Participant: 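Dumping the structure here so I can ask a few things about it.
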Amino acid sequence: MNLEEKIQRSWFWNALLKIQRFLMVTSTVSVILMLGIVVVCRYILVINVLGYDEIILVGAFWMYFMGSSYAMYEESHIAADVVGQFISSPKKLIALSIIKKIVQVGLGMPLIYLAYEMLLFDVTANPKTIDWGIPLLLPQSAILVGVVLMTFYSVVHLIRDINRYKNCNF
């Protein structure tokens with residue numbers, strides 16, 4: 001059993017996916033519910049809801065970044081893969097996939113650092129939203145969590161592709 005298989009069979013991997021799915025569903029439902037409440041209040045009850053965008057902001061950040069990291073796990077994220085259309089050799093396709101994963105990991109590392117720095121600023125300066133006073137640490141922490149997960153999944157898929165390349169005999 002190789003390293004990629006060990007990681008994917010671990011309790012950590014399964015727990016991580018369950019937490020991600022929970023956060024995706026919870027954040028999506030909260031955004032939809034809040035938008036529904038705003039529509040009912042505004043157009044039926046003729047009541048204006050102040051600061052609803054601040055509440056939606058929290059759910060939207062978590063929804064987007066958990067969704068992005070889950071797409072990275074599934075390898076179903078949007079990709080402009082024109083070069084792969086012109087390659088017929090399976091070994092060359094795997095090599096191209098390795099290059100893509102190296103770029104993803106290479107971009108993920110500085111993004112993790114920048115997201116971490118942003119959270120440090122949020123902890124020290126404690127910026128808050130105007131109406132509800134929600135600490136920006138809450139929605140912006142989704143950036144760090146999401147980028148860490150995206151980079152982690154890229155590393156796991158990179159390990160998988162390297163093993164596939166080594167075992168490719170055609």
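Only heavy atoms go into these numbers, but all of them, side chains included; no hydrogens, no water, no symmetry mates. These numbers come from a predicted model, not from an experiment.
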Participant: Does any pair with a residue in residues 46-71 pass ring pair (Phe, Tyr, Trp, His ring centres under 6.0 Å), and if so which ones, sequence neighbours excluded?
Facilitator: Tyr70-Tyr73
Participant: Once rounded to the nearest 0.5 Å, what's the spacing between atom CG of Leu137 and atom CE of Met118?
Facilitator: 9.5 Å
Participant: Side chain to side chain contact (heavy atoms under 4.5 Å, CB included) between Gln20 and Leu17: does it pass, once the steps are laid out?
Facilitator: CA-CA 5 Å; Gln20 263 187 282; Leu17 291 174; 4.0 Å; yes
Participant: Side chain to side chain contact (heavy atoms under 4.5 Å, CB included), that's the test. Do Asp53 and Leu57 meet it? Break it down for me.
Facilitator: CA-CA 6 Å; Asp53 53 336; Leu57 175 81; over 6 Å; no
Participant: Using a cut-off of 6.0 Å, state whether more than 12 heavy atoms not belonging to Leu120 lie near its atom CG.
Facilitator: yes
Participant: Please tell me whether Leu35 and Val25 are part of a single hydrophobic cluster in this structure, the criterion being side-chain heavy atoms less than 4.5 Å apart.
Facilitator: no
Participant: Taking all heavy atoms of Gly146 and all of Ser69, pick out the closest pair and write down the distance.
Facilitator: O-CB, 3.8 Å
Participant: Can you tell me if NZ on Lys100 sees more than 12 non-hydrogen neighbours from other groups inside 6.0 Å?
Facilitator: yes
Participant: Starting at CZ of Phe22, measure out to OG of Ser27 and round the result to the nearest 0.5 Å.
Facilitator: 9.5 Å
Participant: Could you tell me which non-hydrogen atom of Ile159 sits nearest to which non-hydrogen atom of Leu3, and how far apart they are?
Facilitator: CD1-CD2, 3.7 Å
Participant: Please tell me if the side chains of Ser141 and Leu119 come closer than 4.5 Å, counting only heavy atoms from C-beta onward.
Facilitator: yes
Participant: Can you name the closest pair of heavy atoms from Ile143 and Ala115 and give their distance?
Facilitator: CG2-CB, 3.9 Å
Participant: Of all heavy-atom pairs between Ser154 and Gln104, which one has the smallest distance, and what is that distance?
Facilitator: OG-OE1, 3.2 Å
Participant: For a quick test of reading the model, state the closest non-hydrogen atom pair linking Ile94 to Asp161 and the distance between them.
Facilitator: CG2-O, 3.4 Å
Participant: Within this structure, what is the CZ-NE2 distance for the pair Phe152 and His157, rounded to the nearest 0.5 Å?
Facilitator: 9.5 Å
Participant: Using 0.5 Å steps for rounding, measure from the CD1 atom of Ile37 to the CD1 atom of Ile56.
Facilitator: 9.5 Å
Participant: Any side-chain donor paired with an acceptor under 3.5 Å for Lys6 and Ser10?
Facilitator: no
Participant: Taking the basic N atoms (NZ, or NE/NH1/NH2) and the acidic carboxylate oxygens, is any pair closer than 4.0 Å for Glu75 and Lys101?
Facilitator: yes
Participant: Identify the two heavy atoms, one from Leu149 and one from Met66, that lie closest to each other, and give their separation to 0.1 Å.
Facilitator: CD1-CE, 4.0 Å
Participant: Please lay out, stage by stage, how Thr151 and Met109 fare under the test side chain to side chain contact (heavy atoms under 4.5 Å, CB included).
Facilitator: CA-CA 7 Å; Thr151 306; Met109 294 301 179; 4.1 Å; yes
Participant: If you round to the nearest 0.5 Å, how far is CD1 of Ile112 from CG of Leu107?
Facilitator: 11.0 Å
Participant: Take the angle between the ring planes of Trp13 and Tyr153 and call it parallel below 30°, perpendicular above 60°, tilted in between.
Facilitator: perpendicular
Participant: With side chain to side chain contact (heavy atoms under 4.5 Å, CB included) as the criterion, how do Lys128 and Ile134 come out once you've worked through the C-alpha distance, each side chain's angles and the decisive distance to 0.1 Å?
Facilitator: CA-CA 5 Å; Lys128 298 180 186 223; Ile134 300 169; over 6 Å; no
Participant: Backbone N or O of Asp131 within a donor-acceptor pair of the Glu54 side chain at under 3.5 Å?
Facilitator: yes
Participant: Quick check for you: to the nearest 0.5 Å, what is the distance between Leu144 atom CG and Leu111 atom CG?
Facilitator: 10.5 Å
Participant: I'd like to know if the side chain of Trp132 and the backbone of Gly51 have a donor-acceptor N/O pair within less than 3.5 Å.
Facilitator: yes
Participant: Answer whether the closest heavy-atom distance between the side chains of Phe121 and Pro127 falls below 4.5 Å.
Facilitator: yes
